[in-house]
*Asks:* 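Quick one: structure below, then a few questions.
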Amino acid sequence: MEPSPATMEPSDDSAYARLRTLITSGDIAPGARLREAALAARLGVSRTPVREALNRLAAEGIVEISRNKGAQVVSFTPEDVAGLYDVRAGFEPHAALLAVPRLTDDDVEHLAELNSRMEAAAAAGDLAALGALNNEFHGIFVDRCGNRHFAIALQTLMRPAVVAHTFGKYSPEALRRSMLHHAELVAAARARDGEWAEAVMRTHILAARNAAGAGRPGE
């Protein structure tokens with residue numbers, strides 16, 4: 001399967017890829033200031049690629065840049081997380097409905113492989129790996145929905161930083177439920193049943209929202 005730039009994690013050794021990994025893995029915490037000189041020294045590069053990386057990350061909604069405070073990692077409030085999951089619950093199940101009939105046998109096997117790796121990461125308590133694998137898993141449904149503009153619109157809703165944040169708040173029971181949802185999505189994909197996948201995806205995303213303690217305002 002050819003990776004999509006909209007959903008796949010960066011795999012190169014650029015300043016952007018390395019800085020994005022530091023943030024999405026939690027090595028650089030939400031709200032942390034991002035000073036160009038310090039980052040350049042840490043990454044062993046000049047300040048120019050760091051500046052370019054910060055601008056790219058700002059465009060993705062992972063970093064915010066202001067005239068007074070400079071650059072810092074976005075800090076998500078419970079309301080922010082709830083809002084993202086509510087929008088995902090409205091759009092991503094439809095992506096699954098459109099994608100499943102388009103999946104190739106290789107796509108389905110890739111989903112199954114990712115599901116197995118997620119289960120292993122969950123059992124090991126490796127939340128950083130779990131978040132990256134989860135993003136890739138969901139990305140397959142988005143990539144295969146057949147609507148490039150729809151896929152791009154979903155990009156910012158699948159922020160790895162948010163996924164890592166929410167997995168860290170899961171109870172053991174909620175994490176098991178999430179893994180069962182992924183397994184059921186694989187089964188729906190094997191059956192090429194888009195309506196089944198749509199229903200499971202919606203349940204999965206709403207469960208994720210509540211497992212992360214990000215209920216609707218007033219809940």
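It should be emphasised that the depicted structure is a prediction, and the values quoted were computed from it without experimental measurement. Note that the numbering runs from 1 along the sequence shown for the chain.
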*Asks:* Determine, stepwise, if the pair R56 / E52 fulfils salt bridge (Lys or Arg N to Asp or Glu O under 4.0 Å).
*Replies:* CA-CA 6 Å; R56 286 184 67 180; E52 293 172 350; over 6 Å; no
*Asks:* Are L175 and M179 close enough that some pair of their side-chain heavy atoms sits under 4.5 Å apart?
*Replies:*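 Yes; the side chains approach each other to less than 4.5 Å.
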*Asks:* Can you tell me how far the CG atom of N134 sits from the CD atom of E136, to the nearest 0.5 Å?
*Replies:* 10.5 Å
*Asks:* Roughly how far, to the nearest 0.5 Å, is the NE2 atom of H138 from the CG atom of L185?
*Replies:* 7.0 Å
*Asks:* Looking at R202 and E198, is any side-chain nitrogen of the basic one under 4.0 Å from a carboxylate oxygen of the acidic one?
*Replies:* no
*Asks:* Taking atom CD as the centre, does E113 end up with more than 12 heavy-atom neighbours from other residues, nucleotides or ligands that are less than 6.0 angstrom away?
*Replies:*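 Check passes, neighbour count above 12.
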*Asks:* Please round to the nearest 0.5 Å and tell me the distance separating atom CZ of R190 and atom CG of D105.
*Replies:* 9.0 Å
*Asks:* Among L39, L43, L34, find the one that has a side-chain contact (heavy atoms from CB on, under 4.5 Å) with L22.
*Replies:* L43
*Asks:* I'd like to know if the side chain of D107 and the backbone of T104 have a donor-acceptor N/O pair within less than 3.5 Å.
*Replies:* yes
*Asks:* I62 versus V74: any side-chain heavy-atom pair under 4.5 Å?
*Replies:* no
*Asks:* Any chance CZ of R148 has more than 12 other-residue heavy atoms, nucleotides or ligands included, within less than 6.0 Å?
*Replies:* no
*Asks:* Check the angle between the aromatic planes of H204 and H182 and answer parallel, tilted or perpendicular using the 30° and 60° thresholds.
*Replies:* perpendicular
*Asks:* For R192 and L103, indicate whether the former's side chain and the latter's backbone hold a donor-acceptor pair under 3.5 Å.
*Replies:*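 Side chain of R192 to backbone of L103: a pair is present.
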*Asks:* Between CD1 of I140 and CG of L111, what distance do you get to the nearest 0.5 Å?
*Replies:* 4.0 Å
*Asks:* Is the closest side-chain heavy-atom distance between M201 and H94 below 4.5 Å?
*Replies:* no
